Amino acid sequence: MNTERHSTRSRSSRLPEAQRRELEALRDYIRREYRTFVGYPCRGDLDYSELYDFFAYPVNNVGDPFAPSTYRLHTREIERKVLAWFAELNHIADGDYWGYVTNGGTEGNIYGLFLAREILPEGIVYYSEDTHYSVAKNLRVLRMKHIMIKSQPSGEIDYDDLRRSLEIHRDAPPIIFANIGTTMTEAVDDVQKIRAMLQEMAVPEHYIHCDAALSGMTLPFQEGAPVFDFRAGIDSISISGHKFIGSPIPCGIVLAKKRYVERIARSIEYVGTLDTTLTGSRNAVTPLFLWYAIHTRGAEGFRREVAECIEKADYAIGKLAEIGVEAWRNPFAITVVFPAPPPPVLEKWQIAVNRGRAHIITLQSITREQIDELAADIAAAMARAPEVRPERPAPPVRGEGVVPEAKLREIFIVTANRPGLVADISEVLAAHGINIESLDAEEVHGLATVVLTVDRYDEALKCLRNAGFDAVSEDALVVRIKDEPGSLARLSRRFKDAGINLRCLRILRRHEGLAWIALSTPRTAEAKALVEDCSV
Ligand SMILES: *Cc1c(COP(=O)(O)O)cnc(C)c1O
């Protein structure tokens, strides 16, 4: 951290002594609090000093960034370049999009919903219960009909509940408010799946807005991440600028299909421009920040930063596991979720808590030292107050949708199938008073793969093994490959090429020319994507 950078330059002050000291105290306060700022998705450690001269002028991007204005102290060209960069990132062609640099994710969300309402006045907005708190208020401001949909434990929208609600309200066109990274768990709603659902239901008109406040800057830089942009048929998107990119002044971008915006444009003589934006006067400095970030870091820089943040997230999960705290993250997420820590920890650290869960976001400015210190503080607080040990997190979800990977803690059993197999497994566990939370069984070529989650993990593993079952633990991935020379080497090669270490690899079974392999890596999400074609 280089928080000292700007404050050490000596300046003569025009402030009276008392106010100068007040300012100094405030600076100290911010510097101090910054050390424990780990629970919000806003990057720190910023340096935009090259742009400070612009603060001397009343620059203002009033009105439409694409229309000329009689107010000539503006940074519209830079703003348009920023928008063009985001348009390319989100796969919408030049000339097809419109947008502007907003005051943050919230403004972009209001804008998307406003367009949706103008296009589908009878529409109903569907959004999950994990949606950012500002959205419910904005829907009231816009007086739009809305239905809250259940979420899965991971934070992703519950597709069955969505489908049921859509079926009940078939007469009204749906407006889907999709979360591309929920605030609490950074879960991603599957836009492609929702679109397929709408098509299957023969819904004639719909609108999809993506709230990609944080993940709009992380998913595009990860291999195999879900596609949520204009390729997936969305109509508008909002991304925050002060989150992953980082800015001392909140900002963001909104992009929408141009033809929608043309319907709401009104020409205003006073400023000689089109009144297509929500506010009149607009910040002309934040587009410079975004432009500066894009050109000093670039796509390659962002890709590297995201990879580092992911590694740090796994580091945090490991650190917390060491002290007995079950932390997890969604695939592709840099948000590490864990049970709310004891109060003394929350007094020191700036960590948001919601419904018994806490999270930290391992952004660029978060250091491993901070993670170590936080883990040590949690451990110490738990030792002092064992009765407030964190509760176990909600049971993992299986099947379709996002599986919170670090918390999945599944047990795999691969064995010859026989009648009564599942009953036998259940009996072993029942005899030890262990509850089964979920159980999936699948048979391939006479071999059964049983995947289960239980309430007491370590004990379950032990007693299943004692009962003679070949039970595989943890975040293991089970894959099936051809049992022939070279195929294990090819499998290992994939991990080597992707730069992922194999923590362990074990042949579980060989049967009818096939081999079942269990493997585990420190980077489960990426590993999972690597072996998607052969995973069991
Ligand atoms: C932060 C956040 C918002 C609000 O964005 P601001 O930039 O703070 O206005 C909206 N949605 C999600 C998912 C967020 O994380």
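For the numbers below, each heavy atom of this structure counts, side chains included, while hydrogens, waters and symmetry mates do not. Both ligands and their constituent atoms are indexed starting at 1 by order of listing. This chain uses plain numbering: 1 for the first residue, then up along the sequence. All values reported here derive from a predicted model rather than from experimental measurement.
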Whether the side chain of Thr102 engages the backbone of Val254 through a donor-acceptor N/O pair (distance < 3.5 Å, no angle test) should be reported.
no
Nitrogen or oxygen contacts under 3.5 Å, ligand 1 side and protein side:
from: ligand 1; atom 1: 7 (O); to: Gly105; atom 2: N; distance (Å): 2.6
from: ligand 1; atom 1: 7 (O); to: Ser240; atom 2: OG; distance (Å): 2.8
from: ligand 1; atom 1: 7 (O); to: His242; atom 2: NE2; distance (Å): 3.3
from: ligand 1; atom 1: 9 (O); to: Gly105; atom 2: N; distance (Å): 3.2
from: ligand 1; atom 1: 9 (O); to: Thr106; atom 2: N; distance (Å): 2.9
from: ligand 1; atom 1: 9 (O); to: Thr106; atom 2: OG1; distance (Å): 2.5
from: ligand 1; atom 1: 11 (N); to: Asp211; atom 2: OD1; distance (Å): 3.2
from: ligand 1; atom 1: 11 (N); to: Asp211; atom 2: OD2; distance (Å): 2.5
from: ligand 1; atom 1: 15 (O); to: Thr183; atom 2: OG1; distance (Å): 3.3
from: ligand 1; atom 1: 15 (O); to: Lys243; atom 2: NZ; distance (Å): 2.8

Are the side chain of Arg170 and the backbone N or O of Met201 linked by a donor-acceptor pair below 3.5 Å?
yes
Ring geometry between Tyr100 and Tyr111 (parallel below 30°, tilted from 30 to 60°, perpendicular above 60°)
perpendicular
With sequence neighbours left out, the residues meeting ring pair (Phe, Tyr, Trp, His ring centres under 6.0 Å) with Phe230 are none
Arg117 (side chain) donor-acceptor with Leu142 (main chain) under 3.5 angstrom
yes
Is a side-chain N or O of Gln350 found less than 3.5 angstrom from the main chain of Glu33, in a donor-acceptor match?
yes
